[in-house]
Amino acid sequence: TTYYYCAFADNLMGTGIGVPLSLTTLVAAPTTTTSSAFSITSTSATLSGTINPNGAVTTGWYRISTSNPGTCNDAFGTRVPSSSGSPMGSGTSALSYTQSATGLSPGTTYYFCAIGQSSEGTTFGSVLTFATPAVPVVTTDPETLVTSTSATLNGSANPNGSSTTGYFRYSTTNPGVCDD
């Protein structure tokens, strides 16, 4: 923003007036904040944050890792997205932005932070965490009550804190390895 100003001085003889000058305020580095992750599944999560571009064309992205970096930086873990980022414009108010992180491992704690960058500098949000839910642990137990036309299939599951449904698949062909 450009501002114009003049100096004034008063005494008993009158008012002295200086010549008008101008100044233009500088554009600042973006203000970046990390917000909580949401829509967390066993293999994905939506990372969220806000960036105020503070008047300069700004881009935002995230870093994510299973190791705690201590403080946010642009060197730890994996960049999300892997290249470029979300364009945040050049406004002067905070804008929310999200990015989906996929290919995550079930039952794992992740550390992530938001990063904003403009020609005025790179700024970092705080490091936050989330945990992906673990898949159920399943055990196939020996069958019981076998007859010529039926059998009772047995198994157990630890749901690891998530709502879980159990079921069996069977065939006359040995699959070698169970799959769905």
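Treat the numbers as computed from the prediction; the structure is a model and nothing was measured. Along the sequence shown, residues are numbered consecutively beginning with 1. Basis for what follows: all heavy atoms, side chains included, without hydrogens, waters or symmetry-related copies.
Taking a 6.0 Å sphere around OH of Tyr170, one finds it holds 12 or fewer heavy atoms contributed by other residues, nucleotides or ligands.
The closest side-chain heavy-atom distance from Ile40 to Pro133 is below 4.5 Å. Under the 4.5 Å side-chain criterion, counting only non-hydrogen atoms from C-beta, Thr132 is not in contact with Thr43. Between Thr98 and Ser100 there is no side-chain heavy-atom pair separated by less than 4.5 Å. Residues Arg63 and Asn73 fail the side-chain proximity criterion, which asks for heavy atoms closer than 4.5 Å. A heavy-atom distance below 4.5 Å is found between the side chains of Ser86 and Gln99. Contact of the Asp74 side chain with the Phe124 side chain is registered, since non-hydrogen atoms from C-beta on lie closer than 4.5 Å. Phe38 is listed as a side-chain neighbour of Ser48, based on a closest heavy-atom distance under 4.5 Å.
Taken to the nearest 0.5 Å, the CG atom of Asn54 stands 8.0 Å off from the OG atom of Ser118. Of the inter-residue distances, the one linking Thr32 atom OG1 with Tyr62 atom OH reads 9.5 Å to the nearest 0.5 angstrom. Here the CG-CD1 distance, from Leu104 to Ile64, works out to 5.0 Å after rounding to the nearest 0.5 Å. One finds the CZ atom of Phe168 at 10.5 Å from the CD atom of Glu143 (value rounded to the nearest 0.5 Å). Note that CD1 of Ile115 is 9.0 Å distant from CD1 of Ile51, once rounded to the nearest 0.5 Å. To the nearest 0.5 Å, the span separating CG on Leu47 from CH2 on Trp61 amounts to 14.5 Å.
The heavy-atom pair separating Phe112 from Ser35 by the smallest distance is CZ-O, 3.3 Å. Considering all non-hydrogen atoms of both residues, Pro81 and Gly85 come closest at CG-CA, 3.8 Å. Considering all non-hydrogen atoms of both residues, Ser93 and Pro53 come closest at O-CD, 3.6 Å. Smallest separation of non-hydrogen atoms from Ala56 and Glu120: CB-CG, 4.0 Å. Across Pro69 and Tyr111, no two heavy atoms sit closer than the pair CD-CB, 4.1 Å. Heavy-atom minimum distance, Gly121 versus Pro30: O-CD, 3.6 Å.
Although no hydrogens or angles enter the test, the distance criterion places no donor-acceptor pair under 3.5 Å between the side chain of Ser90 and the main chain of Gly55. For the pair Thr34 (side chain) and Gly49 (backbone), a donor-acceptor distance under 3.5 Å is absent. Side-chain atoms of Asn52 come within 3.5 Å of backbone atoms of Thr92 as a donor-acceptor pair (strictly under, hydrogens ignored). Using modelled atom types, no side-chain atom of Thr139 and backbone atom of Ser156 make a donor-acceptor pair closer than 3.5 Å.
The aromatic rings of Phe130 and Tyr110 lie parallel to each other, their planes meeting at an angle below 30°, with 60° marking the opposite boundary.
Grouping the Ile, Leu, Val, Met, Phe, Trp and Tyr side chains by contacts below 4.5 angstrom, directly or via other members, places Leu23 with Leu21. Note on Phe8 and Tyr5: separate hydrophobic clusters, where clusters join Ile, Leu, Val, Met, Phe, Trp and Tyr whose side-chain heavy atoms are under 4.5 Å apart, directly or indirectly.
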